[in-house]
2 protein chains.
Amino acid sequence: MARIRHKSLDCSPGCAVEATLQLIDGKWKGVILYHLLEGTLRFNEIRRRLPNITQRMLTAQLRELEQDGFVLRTVYAEVPPKVEYSLTARGRTLEPVIMALKKWGDENTGFRRDPESSADLDEPAADCPVSCVQAGG
Amino acid sequence: MARIRHKSLDCSPGCAVEATLQLIDGKWKGVILYHLLEGTLRFNEIRRRLPNITQRMLTAQLRELEQDGFVLRTVYAEVPPKVEYSLTARGRTLEPVIMALKKWGDENTGFRRDPESSADLDEPAADCPVSCVQAGG
DNA sequence: CTGGATCCTGTGGGATACTG
DNA sequence: CAGTATCCCACAGGATCCAG
């Protein structure tokens, strides 16, 4: 099993729920996975999509995702270092989960995105309004 | 609406994904929600389903879930204290998310094989590495 | 450009004891 | 039975500087 980052699981029937959650927890895992669904991305490309993440964390999260077998890290031995990250087949199995998460978020966190076209959530918008952060209830 | 417990979100399109994750993070939220899908449960009933949780944590998680508007806490002014927890309509909207999480977990729990040969994922281990007690509902 | 090494803090979460 | 209050620590995660 994925190396237990937390403690051991509670093996109730909800075990699976918890197990899955542990894999995509960590403030960034989910978002990174989401962006990777679009396709291969380079280190800095991901970074630009997650303006608030530090390279330290990005590297760490990416490493964990890699260890969990979700992302593939491809290093190009070039003068200007180039590393690409892409989802593995296993990583893609998470798509329905990520999408379920996004769907719910779109419909409930009031983040907005065309209420009309709320059906097509498989086409990530390239931007987010400034007031994306829900300022409290 | 859940007030931001963590920091502010990253306004990427994956924003919604992160937002949703923040609501069900915390080592227990997901599992508690899952069990509550079965129906109303009393404090100790939940506790029995999560043998490793401490009342301190259970109370805390339940409180957050309550604040996020996912669970309803009903107190009965009886001699032997009795408190029931049930999902609110809003809480039920999370069902597809929880189920997506569980489904993935059911199909993948017990993994972690070479990221190299992660191409094949047609070997679902439908069990928990540890003893997965099926607390039949 | 990519990301390792260090240092430092906040807080999630565990143990235990007490109360109504 | 349900819940609160304390103490305490490990670790997720942030800031920076350094290096190939």
Side-chain angles (χ1 to χ4, degrees), chain A residues 2-10 18 21-33 35-36 40-68 71-86 133, chain B residues 2-10 18 21-32 35-36 40-68 71-86:
Chain A
R3 77 227 105 34
I4 294 293
R5 271 186 290 288
H6 302 277
K7 336 286 141 127
S8 52
L9 296 174
D10 233 319
E18 196 181 325
L21 269 176
Q22 294 201 358
L23 294 176
I24 54 182
D25 78 354
K27 241 188 105 181
W28 312 95
K29 300 281 198 67
V31 211
I32 293 176
L33 247 13
H35 285 293
L36 250 22
T40 301
L41 290 174
R42 292 186 55 178
F43 191 79
N44 273 354
E45 290 183 314
I46 301 178
R47 229 182 135 179
R48 285 164 60 182
R49 283 179 158 71
L50 278 45
N52 296 317
I53 197 176
T54 58
Q55 31 23 353
R56 186 197 186 294
M57 279 316 297
L58 179 53
T59 301
Q61 301 288 284
L62 245 15
R63 290 293 194 219
E64 288 194 65
L65 252 14
E66 194 188 347
Q67 287 180 61
D68 287 332
V71 301
L72 180 65
R73 178 162 173 269
T74 310
V75 183
Y76 293 83
E78 299 177 5
V79 182
K82 177 180 173 183
V83 182
E84 291 187 336
Y85 292 89
S86 57
V133 177
Chain B
R3 72 236 126 293
I4 296 296
R5 270 187 292 288
H6 303 276
K7 339 283 143 126
S8 53
L9 297 174
D10 236 317
E18 196 181 325
L21 268 177
Q22 294 201 358
L23 294 176
I24 54 182
D25 77 356
K27 242 189 103 182
W28 313 96
K29 300 280 200 67
V31 212
I32 293 177
H35 286 292
L36 249 22
T40 300
L41 291 175
R42 293 184 54 175
F43 190 81
N44 273 354
E45 289 182 315
I46 300 178
R47 230 181 133 180
R48 286 164 57 183
R49 283 179 159 70
L50 276 41
N52 296 316
I53 197 175
T54 58
Q55 38 2 16
R56 185 197 185 296
M57 278 316 295
L58 180 52
T59 301
Q61 302 286 286
L62 244 16
R63 291 291 195 220
E64 289 195 62
L65 252 14
E66 194 188 347
Q67 287 180 60
D68 287 331
V71 296
L72 179 63
R73 179 163 173 269
T74 312
V75 183
Y76 294 82
E78 300 177 4
V79 181
K82 177 180 174 183
V83 181
E84 291 186 335
Y85 291 90
S86 58

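Atom set for the values below is all heavy atoms of this structure, side chains included, hydrogens, waters and symmetry mates excluded. Order of the sequence lines sets the chain letters (A, B, ...), proteins ahead of strands, with each chain counted from 1.
- Of all nucleotides listed (C:dG3, D:dG3, C:dC1), D:dG3 comes nearest to the side chain of B:F43.
- Both B:G26 and A:V75 sit near DNA chain C, but only A:V75 has its closest nucleotide nearer the 5' end.
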With a cut-off of 3.5 Å and sequence neighbours excluded, list every side-chain donor-acceptor pair involving residues 72-86 of chain A.
residue	atom	partner	partner atom	Å
A:R73	NE	A:Y85	OH	3.2
A:Y76	OH	A:E84	OE1	2.9

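- Note: CE (A:M57) to P (D:dT16) measures 16 Å, nearest angstrom.
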Side chain to side chain contact (heavy atoms under 4.5 Å, CB included) between B:L21 and A:L21, intermediate numbers included: CA-CA 9 Å; B:L21 268 177; A:L21 269 176; 4.1 Å; yes

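- Residue B:W28 forms a side-chain contact (heavy atoms from CB on, under 4.5 Å) with just one option from B:I53, B:L58, B:I46, and that option is B:I53.
- Not a single side chain to side chain donor-acceptor pair (under 3.5 Å) links A:R47 to another residue, sequence neighbours left out.
- Distance, B:D25 CG to C:dG10 P: 19 Å, rounded to whole Å.
- Rounding to whole angstrom units, NZ of residue A:K27 and P of C:dG10 are separated by 15 Å.
- Atom P of nucleotide D:dG13 and atom CD of B:Q22 are separated by 11 Å, given to the nearest angstrom.
- Proximity of B:R73 to the phosphate of D:dG3: a side-chain N or O atom is located under 4.0 Å from OP1 or OP2.
- Protein atom CD1 of A:I53 is 14 Å distant from nucleotide atom P of D:dA12, rounded to whole Å.
- Comparing C:dG3, D:dG14, D:dT4 against the side chain of A:W28 picks out D:dG14 as the nearest.
- Distance check, rounded to the nearest 0.5 Å: CG of B:L62 to CG of B:L36 gives 7.5 Å.
- At whole-Å resolution of the value, CZ in B:R47 and C1' in D:dC1 are 10 Å apart.
- Ion pair B:E45/B:R48 not flagged as a salt bridge, since none of the NZ, NE, NH1 or NH2 atoms sits closer than 4.0 Å to an Asp/Glu carboxylate oxygen.
- Residue contacts shown for B:Y85 are limited to sugar-phosphate atoms, with no base heavy atom under 4.0 Å away.
- In this entry the distance linking CD of B:E66 with P of D:dA2 reads 15 Å, nearest Å.
- Along DNA chain D, the nucleotide nearest to B:E45 and the one nearest to A:Q61 differ in position, and the one closer to the 5' end is contacted by B:E45.
- Computed from coordinates, the B:R63 CZ to C:dG12 P distance equals 17 Å when rounded to whole Å.
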What does the list of N/O pairs under 3.5 Å between the protein and nucleotides 17-20 of chain C look like, with a distance for each?
residue	atom	partner	partner atom	Å
C:dA17	N6	B:Q55	NE2	3.3

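- Residue B:R56 has no polar side-chain atom (N or O) positioned under 4.0 Å from OP1 or OP2 of C:dT16.
- A:K29 is not listed as a side-chain neighbour of A:L23, based on a closest heavy-atom distance of 4.5 Å or more.
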